[in-house]
Amino acid sequence: MRHNPLRIVGSALALSLLVPATAAGAPEQASAATAAPAHFIVLGPTGESLQTTGDSVRDTGGTVVQSWPEIGVVLATSTDPGFAEAVRDEPAVDGAGASRNLAEQRPDNKRASTIEKVSGTAEPQATIAGAEREPLESEQWDMRMIRSPKAHTVSEGSEDITVGVLDFGIDPTHPDLAPNLDMSKSVSCVDNGIPDTSVEAWAPTGIQQSHGSHVAGSIAAARNDVGIAGVAPNVKLASIRVVSDEGFIYPGAAICGFMWAAEHGIDVTNSSYYVDPWQLWCRKDPDQAAAAEAVRRAVAYAQDHDIVNVVAAGNSNWDLHKPVHDTTSPNNGGPTQDRWAGPNCAVLPGELPGVVTVSAVGPEQEKSFYSNYGIQEIDVTAPGGDSEQTPATPSGNGLVLSTLAGGGWGYMQGTSMASPHAAGVVALIRSTHPDWTAAQVKDAMATQADSLPCPKGYDTDGDGERDAQCNGGRTGAGFYGAGLIDALDAVRR
């Protein structure tokens, strides 16, 4: 099992692990008498007619906890496990399904991975006292790869552009993040998709919840002679928390996040996660189909509001263009399924129409060992780190350095780290061309990307055999889409 070496710089909180602890087995089923209400998504018409859908929910014994008439989606709870099947036959209901595994999670059940699983647990490698006041840009091989330092001689982005980070929350006191954090546009969506703008709700609670702060730093850490600098160090950030304390991103929270972004002046979103509890959501299953359609509607609504939605491709080394052998879903308790997920199944939000899906490369500009790929599924690639590739930096560990909750800095790897680099480049393009539509920005990003050829050999498990097939030949499109993002071209064209 690989472990991801992580050097933590700064905070005393560095002694803590970076990711949530793994659950010690699946939770036992609670008795019917003590079971908490199960969570469901119900689809209906848009506008005022959705009130009838709410009436149908109540008439079937459910409780409406949140609704979005703009996209015809209702979040409901019910103690009846047969609620979804029953409500599908009611007026103004287009579909319904459980939004979580009906083997409801207990409070001590935690997601058995980081938000984007690589393999193993990211453990601190070292702590460097006093480094919080030192510039660390010499460690940012990732920024040099996409020519960010050269781009910054032309533009560091505009404060009129806001990037919404749908994640674990952004540390509002971090010296690299606080200067660019717009607290008025920050929110938590984890409580049944109900927006909560209190800082206590959307801010991470400790280093274990650093994922969102790390992502935010790669996008827009301020250039202030402290720590690092992001791809677009002058743009604004909004903390849009969609990850629960247990590490889950359920459909209701994701929907709330995209809807919030659409209605609060966000220009770019970054989503470095997949929606739980299914790694792939399949349309032939009525439960999965309803939740997947609800998330699709929310993402489309954001796109209709001229937002560029940037998403991570995922870290399972899957060819998303082929059927996927999924043995880990659902991941929030109860038995998992052993299934082949084919073309009617999709990673959410990574395979939704219109999003910018980003794969990861390491310091050698080759696909990272963990990165998902696909000849039609990947739009661009970006540095996400690879512990099997070594950069010419003092650390030499092949991982991406960025900000951590609690005021420190540390290393991670994953398509979670690649996606924010692309979101930062999108922010630079939007800063340079504020009159461009989201569609024009996405086209420019693809046009400006630098193509990477398929590597001659690719080995992920040390057996000397190629374990991933890169289609596209000299274009490398199977691994890299249009190619490696380019920050300099984003600001000079």
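- We find that R430 and D306 are joined by a salt bridge, their nearest charged nitrogen and carboxylate oxygen being less than 4.0 Å apart.
- The structure places CD1 of I375 at 7.5 Å from NE2 of H321, a figure rounded to the nearest 0.5 Å.
- When atom types are taken as modelled, the side chain of H214 and the backbone of V400 share a donor-acceptor pair closer than 3.5 angstrom.
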Exercise. Could you check T357 against E377 for side-chain contact (heavy atoms from CB on, under 4.5 Å), going step by step and ending with a plain yes or no?
Key: CA-CA 7 Å; T357 303; E377 288 71 22; 5.7 Å; no
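- Taking 4.5 Å as the limit, some side-chain heavy atom of H39 sits within range of a side-chain heavy atom of N192.
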Self-check item: Candidate pair V190 and F248, rule side-chain contact (heavy atoms from CB on, under 4.5 Å), full reasoning
Solution: CA-CA 9 Å; V190 298; F248 293 98; over 6 Å; no
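- With rounding to the nearest 0.5 angstrom, the CD1 atom of I170 is 12.0 Å from the CZ atom of R241.
- Using modelled atom types, one finds a donor on one side chain and an acceptor on the other under 3.5 Å when comparing W409 with D176.
- We find the CH2-OG1 distance between W141 and T390 to be 10.5 Å, quoted to the nearest 0.5 Å.
- Counting only N and O atoms by type, the side chains of Q209 and D171 include no donor and acceptor under 3.5 Å apart.
- Here the side chain of H421 pairs a donor or acceptor atom with the backbone of P383 at under 3.5 angstrom.
- Shortest non-hydrogen contact noted between G97 and R88 is CA-NH2, 4.2 Å.
- In this structure a side-chain-to-backbone donor-acceptor pair under 3.5 Å is missing from T393 to E139.
- Ring geometry, Y301 versus H305: the interplanar angle falls from 30° to 60°, so the pair is classed tilted.
- Residues passing the side-chain hydrogen bond (donor to acceptor under 3.5 Å, both in side chains) test with R283, sequence neighbours excluded: none.
- Nearest heavy-atom pair, P455 versus Y480, reported as atom, atom and distance to 0.1 Å: CD-OH, 3.6 Å.
- Between Y373 and F479, the angle of the ring planes goes over 60°, which puts this pair in the perpendicular group of the 30/60° scheme.
- E156 CD to L428 CG: the interatomic distance, rounded to the nearest 0.5 Å, is 9.5 Å.
- No hydrogens or angles considered: nothing links the side chains of S213 and H174 as a donor-acceptor pair under 3.5 Å.
- Panel note: side chain D386, backbone F369; a donor-acceptor pair is recorded below 3.5 Å.
- Taking all atoms of both residues into account, the shortest heavy-atom contact from A290 to I41 is O-CG2, 4.0 Å.
- Within the 3.5 Å criterion, the main-chain N or O of A151 finds no donor-acceptor partner in the side chain of S155.
- Between I249 and Y274, the closest heavy-atom pair is CD1-O, 3.9 Å.
- Between the S451 side chain and the T475 main chain, no donor and acceptor come within less than 3.5 Å of each other.
- Listed here is the closest heavy atom pair of D319 and V324: O-CG2, 4.1 Å.
- Between M145 and Q365, the closest side-chain pair of non-hydrogen atoms falls below 4.5 Å.
- Under the 3.5 Å distance criterion, the side-chain polar atoms of Q288 are matched with a main-chain donor or acceptor of C282.
- A salt bridge does not link D304 with R297: every distance from a Lys NZ or Arg NE/NH1/NH2 to an Asp or Glu carboxylate oxygen is 4.0 Å or more.
- Taking 4.5 Å as the limit, every side-chain heavy atom of S419 sits out of range of all side-chain heavy atoms of S271.
- When side chains are defined from C-beta on, S158 does not count as touching N234, because their heavy atoms never get closer than 4.5 Å.
- Side-chain contact between E70 and E263: present, with at least one pair of heavy atoms (C-beta onward) separated by less than 4.5 Å.
- In this structure a side-chain-to-backbone donor-acceptor pair under 3.5 Å is missing from T415 to A360.
- For the atom pair K322 NZ and Q469 CD, the distance stands at 6.5 Å (nearest 0.5 Å).
- Applying the 6.0 Å contact sphere to CD of Q337 captures more than 12 heavy atoms from other residues, nucleotides or ligands.
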Self-check item: Full working for side-chain contact (heavy atoms from CB on, under 4.5 Å) between Y370 and N317
Solution: CA-CA 5 Å; Y370 50 79; N317 192 31; 5.6 Å; no
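- The main-chain N or O of S371 is never found under 3.5 Å from a side-chain atom of S359 such that the two would form a donor-acceptor pair.
- Checking side-chain atoms of N180 against main-chain N and O of A220 turns up a donor-acceptor pair under 3.5 Å.
- No hydrogens or angles considered: a donor-acceptor pair under 3.5 Å links the side chains of T328 and Q279.
- Note that OG of S67 is 8.5 Å distant from CG of L75, once rounded to the nearest 0.5 Å.
- Contact between P233 and A221 at its shortest, heavy atoms only, is CB-O, 3.2 Å.
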Exercise. Any chance you could lay out the side-chain contact (heavy atoms from CB on, under 4.5 Å) test for S402 and M412, step after step, and finish with the verdict?
Key: CA-CA 8 Å; S402 191; M412 296 189 194; over 6 Å; no
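- Qualifying ring pair (Phe, Tyr, Trp, His ring centres under 6.0 Å) partners for W318, counting only residues two or more places apart in sequence or in other chains: none.
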